[in-house]
Amino acid sequence: MPDSLELVDLLAQIRACDHCAPHLPLGPNPVVRASTSARLLIVGQAPGTRVHETGIPWNDPSGERLRDWLAIDHATFYDESLIAIVPMGFCYPGRGKSGDLPPRPECAELWHEKVLTHMPDVELILVIGRYAQDRYLGKSRATLTERVRNWRDVDPRYLPLPHPSPRSTLWLRRNPWFEDEVVPALRARVQAIFPD
């Protein structure tokens with residue numbers, strides 16, 4: 001049985017990690033949340049600048065939309081005993097031509113398996129965006145839209161989602177089936193995990 005003290009030590013190691021420091025324009029500030037009792041795991045991309053500054057994951061408009069999709073309040077979302085947040089990249093990767101750069105690949109390789117072994121009670125893993133989906137569902141030629149549309153075909157422990165960023169607003173308009181079909185199913189699964 002995983003030991004919560006071991007996880008505390010592991011999280012301290014992650015938060016002190018500077019492995020990618022030469023590649024991070026704002027320097028390292030790993031953002032991760034986990035506990036041995038977590039029942040829902042959110043695997044997103046990487047922190048944006050606001051999350052980097054505050055150290056609070058999903059502390060931005062993307063987080064507001066995600067909490068709306070989940071139909072859970074702020075307090076529940078940030079209750080580490082219930083919800084773990086383990087992004088593909090723990091630090092802000094910098095800005096590219098059309099938004100933030102991809103998450104640094106080192107984080108998932110260095111830390112994900114180690115963290116996941118300490119969370120035996122996770123019932124649902126939300127894989128948000130292409131990078132998380134490639135790692136947890138396997139690389140695929142399918143587009144993100146196809147993966148999300150075919151959510152019923154993946155292992156029921158996983159649920160692929162688009163990124164809830166304001167930049168996804170056009171995608172959401174073009175794909176109304178997401179809010180008609182996937183969001184209600186997501187809310188039902190979250191409600192089954194957290195019935196109170």
Decide whether Arg67 and Ser62 meet the rule of one side-chain donor and one side-chain acceptor closer than 3.5 Å. no
What are the two closest non-hydrogen atoms of [X] and [Y], and how far apart are they?
{"X": "Pro160", "Y": "Leu137", "value": "CB-CD1, 4.0 Å"}
{"X": "His52", "Y": "Asn29", "value": "O-ND2, 2.6 Å"}
{"X": "Ala46", "Y": "Pro103", "value": "CB-CB, 3.9 Å"}
{"X": "Arg33", "Y": "Ile56", "value": "NH2-CG2, 4.3 Å"}
{"X": "Pro93", "Y": "Pro47", "value": "CD-O, 3.7 Å"}

Within one Ile-Leu-Val-Met-Phe-Trp-Tyr cluster: [X] and [Y], side-chain cutoff 4.5 Å:
{"X": "Val182", "Y": "Val190", "answer": "yes"}
{"X": "Ile85", "Y": "Leu186", "answer": "yes"}
{"X": "Val43", "Y": "Tyr78", "answer": "no"}
{"X": "Val51", "Y": "Val115", "answer": "no"}
{"X": "Ile83", "Y": "Leu161", "answer": "yes"}

Is there a donor-acceptor pair closer than 3.5 Å between any side-chain N or O of Arg50 and the backbone N or O of Asn59? yes
Under the side-chain contact (heavy atoms from CB on, under 4.5 Å) criterion, do Leu41 and Met119 qualify, and how do the steps go? CA-CA 9 Å; Leu41 169 60; Met119 297 190 296; 4.1 Å; yes
Aromatic ring proximity, centroids under 6.0 angstrom, [Y] and [X]:
{"X": "Trp111", "Y": "His118", "answer": "no"}
{"X": "Trp69", "Y": "Phe178", "answer": "yes"}
{"X": "Trp177", "Y": "Trp171", "answer": "yes"}

Let me see the working for Glu109 and Arg104 under side-chain contact (heavy atoms from CB on, under 4.5 Å), right down to the final yes or no. CA-CA 10 Å; Glu109 292 300 318; Arg104 296 290 312 168; over 6 Å; no
Minimum side-chain heavy-atom gap Leu70-Leu126 below 4.5 Å: yes
Whether [Y] and [X] form a salt bridge (side-chain N of Lys/Arg under 4.0 Å from carboxylate O of Asp/Glu) is what I want to check.
{"X": "Arg147", "Y": "Asp134", "answer": "yes"}
{"X": "Asp100", "Y": "Arg167", "answer": "no"}
{"X": "Glu6", "Y": "Lys114", "answer": "no"}

